[in-house]
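Below is one structure; the comments refer to it alone.
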Amino acid sequence: MNPNQKPDFFEQVFQVVRLIPVGRITTYGAIARYLGSAQSARMVGWAMNASHQVHPQVPAHRVLNRSGCLTGKMHFDEPNAMQSRLEAEGIMVVGDQVQDFERVYWDPSQELAL
DNA sequence: CGATTGACGTACG
DNA sequence: TCGTACGCCAATC
């Protein structure tokens, strides 16, 4: 990376994603909104794309879209990895869609509410 | 430098 | 209620 280690939007996203508890998930929009870029949910997804080469391990598999669908499963080393990890954490996934989405949903602006 | 795409979300039909 | 269209911001072609 560049020596200009300013508060990158990407790093901000990684930080929040890492705070997601096991067995819980969140959405791109929720993270974007928490960072103040509510209308830049796409940037969150873009950041996730870089999360593979970043820091320890960013639980990108815990980040889904507003529908609770595993939109980014195809971007993992193996499309099956995302669902497998979610199921391993107790999250039921059927048809690339998370079950009990509302129950496992974790909102940073709510849990990390300032 | 300009056009297109993208791990999304909201609005409209 | 479901399907389609448009908007945002940044990176890549």
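Bear in mind that the values here come from a model prediction, so they are computed numbers and not experimental data. Numbered from 1 within each chain, the chains take letters A, B, ... in sequence-line order.
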Heavy atoms of A:Tyr28 and A:Thr71 approach each other most closely as OH-OG1, 3.5 Å
Rounded to whole Å, the CZ-P distance (A:Phe10 to C:dA10) equals 10 Å
A:Asp107 atom CG is separated from B:dG9 atom C1', nearest whole Å, by 15 Å
What one should report as the nearest heavy-atom pair of A:Arg103 and A:Arg24 is O-NE, 3.6 Å
In whole angstroms, the gap separating P of B:dA7 from CZ of A:Arg85 amounts to 19 Å
Atom CE of A:Met74 and atom P of B:dG6 are separated, to the nearest Å, by 10 Å
From CD of A:Gln12 across to P of C:dA10 the rounded distance in Å is 14 Å
Picking from B:dG9, B:dA7, C:dA10, the nucleotide nearest the side-chain atoms of A:Met43 would be C:dA10
Report task. For the pair A:Tyr105 and A:Phe101, name the ring-plane relationship: parallel under 30°, tilted 30 to 60°, perpendicular over 60°. Result -> tilted
Testing B:dA7, C:dC9, B:dT10 for proximity to the side chain of A:Arg66, the answer is B:dT10
Strictly distance-based, threshold 3.5 Å: is any side-chain N or O of A:Gln99 a donor or acceptor partner for the main-chain N or O of A:Gln97? yes
Quick one: does any side-chain atom of A:Ser37 pair with a main-chain N or O of A:Ser40 as donor and acceptor, under 3.5 Å? no
Side-chain contact check for A:Thr27: nearest option of B:dG9, C:dC9, B:dA7 is B:dG9
| How is A:Ala60 classified with respect to the nucleic acid when contacts are heavy atoms under 4.0 Å: base, sugar-phosphate, or nothing? | base
Here the distance between atom C1' of C:dC8 and atom CD of A:Gln39, to the nearest Å, is 7 Å
Rounded to whole Å, the CG-C1' distance (A:Asn65 to B:dG6) equals 13 Å
- Message: Should the side chain of A:His61 and the base of B:dA7 be counted as holding a donor-acceptor pair, with the cut-off at 3.5 Å?
- Response: no
Side-chain atoms of A:Trp46 come closest, of B:dG6, B:dG9, B:dA7, to B:dG6
Whole-Å distance, A:Phe101 CZ to B:dG9 C1', equals 13 Å
ask   = What nucleic acid atoms does A:Asn49 come within less than 4.0 Å of, heavy atoms only: base, sugar-phosphate, or nothing?
value = base
